Structure formats: C-alpha cells, structure tokens
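A short write-up of the structure that comes next.
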Amino acid sequence: LSFHSLVNFVVCQLFALLTAFWFRLYLHPSKTSPFVRHVVATLLGLYFALFCFGWYALHFLVQSGLTYGIMILTGVEHMHKYCLVVALGYLSFCQITRVYVFDYGMYSADFTGPMMVITQKITSLAFEIHDGMCRKEEQLTPNQKLLAIRRMPSLLEYFSYNCNFMGILAGPTSSYNDYIAFIEGTPCRHNKDHQTNGKTNGRHKQDPSPNIEVVRKLATCFFSLMVFLSVCKVFPVERNIDDDFIANTPFYAQVVYLYLSMLTTRPKYYFVWTLADAINNAAGFGFNGYNSDGSPRWDLISNLRITDIEFATSFKMFLDNWNIQTAHWLKRVCYERCPYNPTAATFILSAMWHGAYPGYYLTFLTGIVVTLAARAMRHNVRPYFLGSPSHKLLYDGITWAGTQIAICYTVVPFVLLSVGPSMKFYR
C-alpha cells in the first residue's frame, strides 16, 4: 500500500471504531428500531467508502444492486449460480482493469479490497437463501440448516449487510443470520445455550461488554503495526531472488532468510484484520457465548488466531487459522458443494477471488500439491510418533519447521505477484 492510502485507511478505521462505540451505546436495539440501525449503519458505511476510495465506491453499490436484481428476477432455484458468476465476474473485471489498464503493481486506491468481502457476502447470502427457500430440510447439513435464510432480505437489509460501516473497509464476512440478529438485538445461535448466563430482559438479552476485548485487540494491532513498520524493511522478500544474495549465501541461510522475510509480511494482515474485528466488537457484534470458565468469547467473526498460525504444525492448521472467514466462505460455497475434486476447485476459486496477478495462481496451484502431500505424510508418518510424549514432541518440532518452510515456499509468488520473479524463486 502507498503510505497515503495506508494513512487514509487507518484514519477511517479509527473513526469507524469510535462510531462503533457510539452505535452500541446510543442506538442499542433496546432503544432503537432495527430500521434506524440498518439505515445508520449503511449510510455511515457508504460515507467511509467515499472518503477512502472516492467515486470508486460506487462499484460497491453497483455490484450489490445488480445481484439484488438477479435474486428478485431469477427466483430462488438458480439465483445462487447467477449471483456467484455475476459477483465474481464483476469483481474480476474491476481487478483486471485496475491492474492491467490503470496501474500495474501500485496499490494507489485499492477499491477492490472491500469488493472482495462484498463478493463473499453476496454469494454466501445467495446460497443460504437457496438452501432455506428451495432445498428440502433433509438435504441440508446441520451447518447449512443453521445458516439457511427463510425469507428474502429487503433492499435495505441487503445493503446494510453488504455495506455497513463496521465491515465495509476490511470485512470480515459474517453470516447474514448473525448480522440480522445483531441489528435486531435477538439472541442468535450461541445465546440459546446460555440463557442462564447473563441477564435476560425481554427480547434484548444483555450481551456482556466488549470493552476489555476491544482494548486487547487494539493492543495486538499496535504491536503488529510496530513490528511491521520496524522490521519489514530489514527483510525485504525481493532479496530471496537477488543474484548476489543467492550466489554468496549458503543454502541453510537462504532458507532461514526466507522464513524471516515471510514472517515479517504477516503483521500487516494481523493489524488490518484485528482492527476490523475490534470495530465489530465495539459495536456489539461478534459475541460468541461463553468459555468453560464463564468468560465471554468475542470470536464469532474473528479472522485469525495468531499463536495458532505462528506455531502451526500442519499446512491445514495454518490455513484453518488464517483468514478464517474466507476459509468458511470457500468451504460453504465451493468445497461442500463441488461434485468433483473439491480441493482443486476451492484453491482455483480462491485464486480467482484474490485477483488478477499471476502470482496468486502460482501460490494456489502450489497449495493444491502441498495440501495433498501434507495429507499423505500425516496419514503415513504420524502414527509412528504417537507412542510416547517425547516422540510426539519431536514430531511436532519437525512438522512445525516443515510447515513454516512449506508455507513460505507456497506464498512467495503471492507477495512477488509476477511470473518472472516467482519462477526464478522456484528454480
């Protein structure tokens, strides 16, 4: 990101954070109608989008408007397919023109970032309506039953879900039912098990205060930003393919440098996603019931678990804790529904969704192979190490190192973006 657009983004998100506190305190569902909450959330979202992206923000409205029209006109039987094609097609069109027509490699105003999240929302909503209004109850998995939508959203609900101020700039995607429950102040799925916990006041059962959680997440953001600003320049990823570096550095040192250079690209994502999560929590969205010790959980729409990422001992564990909401989306619209070779189909959809740079395709094609290899290794090798705790520890140590290197190896093209440098690295 260019420095100017980064500052713009951070200022906007901090303003969204303050607004979120106000939204929770002054427009609480116990005092305000859902209609007012929808209208305010939507208008603020569009205001932030205009502030950050100028008139490019109109793409968000066009993409949402087009797909709403498709939903209304085509009927519930086929609309999920049409919505997937149109939303993804429109996103791809914007990504391709932004990259190849206007501005290669420069993230001047990356208005396609929010569109990626809106695309997830449009498509998952379409599939959930199709499940709820077209398929028979016994055809659905337990999870699909939970998420199924039984009536068409109004235009206001639809825009509010897609473009609300808490999620417009950086997501994360949430299920439509969870979002509506948050706006209307009805207990959603996690509260049904916890009716004993907390005070019930009629319809508006008081969720616990998110303040402590928000402060904790902001501290994580601050730390991530400091690490990113201080360390990222020290280990540039491009040095991995520098001729002098390759010629004069022993192989083991190249591998260590590879790990460090990729390690320092992650805090940027930690910062953006944790801040987005904190904004939603500050507005009162994201409560996910209670832990066994009675402490509230605010991870309903969290996008990552940092310790599980850094200490992942398998490729799957890394992917399960990185960009969690996107992984849920890929699983719901592709993996669970694709009749043949769902693993490959899911990686290809993920590459298309990420954008027009060839590096994304190289990463996700490598990802297919690494995933299949990791499954085979785990299936065949792991049983030998489960005999004693010390063997298990040794296995975890080796698989941690293997996983981190495999992740770095897979993700380098994602950072380098173009074919030449990526192939040079792979060679």
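Computed from a predicted structure; not experimentally measured.
- Aromatic rings from Tyr90 and His59 are positioned such that their centres are separated by under 6.0 Å.
- For the pair His328 and Ile324, the minimum side-chain heavy-atom distance is below 4.5 Å.
- Taking the six-membered ring for Trp and the full ring otherwise, the centers of Phe48 and Phe15 sit less than 6.0 Å from each other.
- Looking at Asn211 and Arg216, their side chains never bring a donor and an acceptor atom within 3.5 Å of each other.
- Residue-environment remark: CG (Leu394) exceeds the threshold of 12 foreign heavy atoms within 6.0 Å.
- Contact check for Arg266 versus Glu310: side-chain heavy atoms found under the 4.5 Å cut-off.
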Next item on the list: Let me see the working for Phe111 and Tyr56 under ring-ring contact (aromatic ring centres under 6.0 Å, His included), right down to the final yes or no.
Entry: CA-CA 6 Å; Phe111 66 95; Tyr56 286 119; 4.5 Å; yes
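- One finds no salt bridge joining Glu184 and Arg37 here, because no Lys/Arg side-chain nitrogen approaches an Asp/Glu carboxylate oxygen to under 4.0 Å.
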Notebook entry, point to check: Where do Tyr360 and Ser350 land on the side chain to side chain donor-acceptor pair (under 3.5 Å) test, with the steps shown first?
Noted result: CA-CA 9 Å; Tyr360 296 156; Ser350 186; over 6 Å; no
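- In this structure, His130 and Ile149 have side chains that are not in contact, with every pair of non-hydrogen atoms separated by 4.5 Å or more.
- One distance of note links CG of Asn321 with CD1 of Ile309; it measures 6.0 Å at 0.5 Å rounding.
- Residue pairs meeting the salt bridge (charged side-chain N to carboxylate O under 4.0 Å, His left out) criterion with at least one partner in residues 243-255, sequence neighbours excluded, are Asp243-Lys424.
- Residue Phe311 holds its CZ atom at 16.0 Å from CZ of Arg305, rounded to the nearest 0.5 Å.
- Looking at Ile407 and Phe315, their side chains come closer than 4.5 Å, going by heavy atoms from C-beta outward.
- With rounding to the nearest 0.5 Å, the separation of CG in Asp299 from CD in Glu213 is 8.0 Å.
- Between Val227 and Thr264, the closest side-chain pair of non-hydrogen atoms is not below 4.5 Å.
- Not counting sequence neighbours, Arg239 has no partner by the side-chain hydrogen bond (donor to acceptor under 3.5 Å, both in side chains) test.
- Note: Tyr409 and Phe425 have tilted aromatic rings, judged against thresholds of 30 and 60 degrees for the angle between ring planes.
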Note to self: Run Gln63 and Thr119 through side chain to side chain donor-acceptor pair (under 3.5 Å) and show every step you take.
What the structure shows: CA-CA 8 Å; Gln63 190 188 24; Thr119 301; 2.8 Å; yes
Next item on the list: Go through Arg332 and Leu147 one step at a time and tell me if the side chain to side chain contact (heavy atoms under 4.5 Å, CB included) criterion holds.
Entry: CA-CA 10 Å; Arg332 286 168 192 165; Leu147 299 169; 3.4 Å; yes
Margin query: Assess the residue pair Ser175 and Asn177 against the criterion (side chain to side chain donor-acceptor pair (under 3.5 Å)); give the C-alpha distance rounded to whole Å, side-chain angles, the decisive distance to 0.1 Å, and a yes or no.
Written below: CA-CA 5 Å; Ser175 103; Asn177 286 345; 5.4 Å; no
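- A donor and an acceptor atom, one from each side chain of Ser295 and Asn291, are located under 3.5 Å apart.
- Heavy atoms from other residues, nucleotides or ligands lying under 6.0 Å from OH of Tyr395 number more than 12.
- At least one donor-acceptor pair closer than 3.5 Å links the side chain of Arg24 to the backbone N or O of Ala282.
- Annotation: side chain of His354 is in contact with side chain of Met116 (closest heavy-atom distance under 4.5 Å).
- Aromatic ring pairs are classed by plane angle as parallel below 30°, tilted from 30° to 60° and perpendicular above 60°; the pair Trp329 and Trp353 is tilted.
- Residues satisfying the side-chain hydrogen bond (donor to acceptor under 3.5 Å, both in side chains) criterion with Tyr161, sequence neighbours excluded, are absent altogether.
- In this structure, Phe9 and Leu169 have side chains that are in contact, with non-hydrogen atoms separated by less than 4.5 Å.
- Under a cut-off of 6.0 angstrom, the local environment of NZ in Lys316 is sparse, with at most 12 non-hydrogen atoms contributed by other residues, nucleotides or ligands.
- Side-chain contact between Phe53 and Pro114: present, with at least one pair of heavy atoms (C-beta onward) separated by less than 4.5 Å.
- Residue Tyr270 holds its OH atom at 8.5 Å from OG1 of Thr265, rounded to the nearest 0.5 Å.
- Taking OG1 of Thr249 as the reference point, atom CG of Asp242 lies at 8.5 Å (rounded to 0.5 Å).
- Defined by atom type and a distance below 3.5 Å, a donor-acceptor pair is missing between the side-chain atoms of Tyr384 and His391.
- Neither side chain, Thr42 nor Asn164, offers a donor N or O lying under 3.5 Å from an acceptor on the other.
- Residue pairs meeting the side chain to side chain donor-acceptor pair (under 3.5 Å) criterion with at least one partner in residues 273-283, sequence neighbours excluded, are Lys217-Asp277, Lys217-Asn281, Asp277-Ser302.
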Item checked: side chain to side chain donor-acceptor pair (under 3.5 Å) between Thr112 and Asp110, intermediate numbers included -> CA-CA 5 Å; Thr112 56; Asp110 188 3; 2.5 Å; yes
Please set out all donor-acceptor pairs under 3.5 angstrom arising from side-chain atoms of residues 363-378, sequence neighbours excluded.
residue	atom	partner	partner atom	Å
Thr363	OG1	Gly359	O	3.4
Thr363	OG1	Thr410	O	2.9
Thr363	OG1	Phe414	N	3.1
Thr366	OG1	Leu362	O	2.6
Thr366	OG1	Tyr426	OH	3.3
Thr371	OG1	Gly367	O	2.7
Arg375	NH2	Thr343	OG1	3.4

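- Heavy-atom contacts from other residues, nucleotides or ligands closer than 6.0 Å to CZ of Phe223 number 12 or fewer.
- Summarising the geometry, atom SG belonging to Cys83 is positioned 12.0 Å from atom CG belonging to Leu88; distances are rounded to the nearest 0.5 Å.
- In summary, the side chains of Asn162 and Ser64 do present a donor paired with an acceptor at a separation below 3.5 Å, with no hydrogens or angles considered.
- Annotation: salt bridge (charged side-chain N to carboxylate O under 4.0 Å, His left out) contacts involving residues 111-126, sequence neighbours excluded, are absent.
- For Phe222, the CZ atom sits in a loose shell: 12 or fewer heavy atoms of surrounding residues, nucleotides or ligands are nearer than 6.0 Å.
- Taking the six-membered ring where tryptophan is involved, the planes of Tyr100 and Tyr357 are tilted, since the angle between them lies from 30° to 60°.
- Salt-bridge check for Arg337 with Asp131: passed, with a basic side-chain N closer than 4.0 Å to an acidic carboxylate O.
- A pairwise comparison of heavy atoms in Ile180 and His38 identifies CD1-CE1, 3.8 Å as the closest pair.
- Using modelled atom types and a 3.5 Å distance limit, the side chains of Thr326 and Gln120 yield a donor-acceptor pair.
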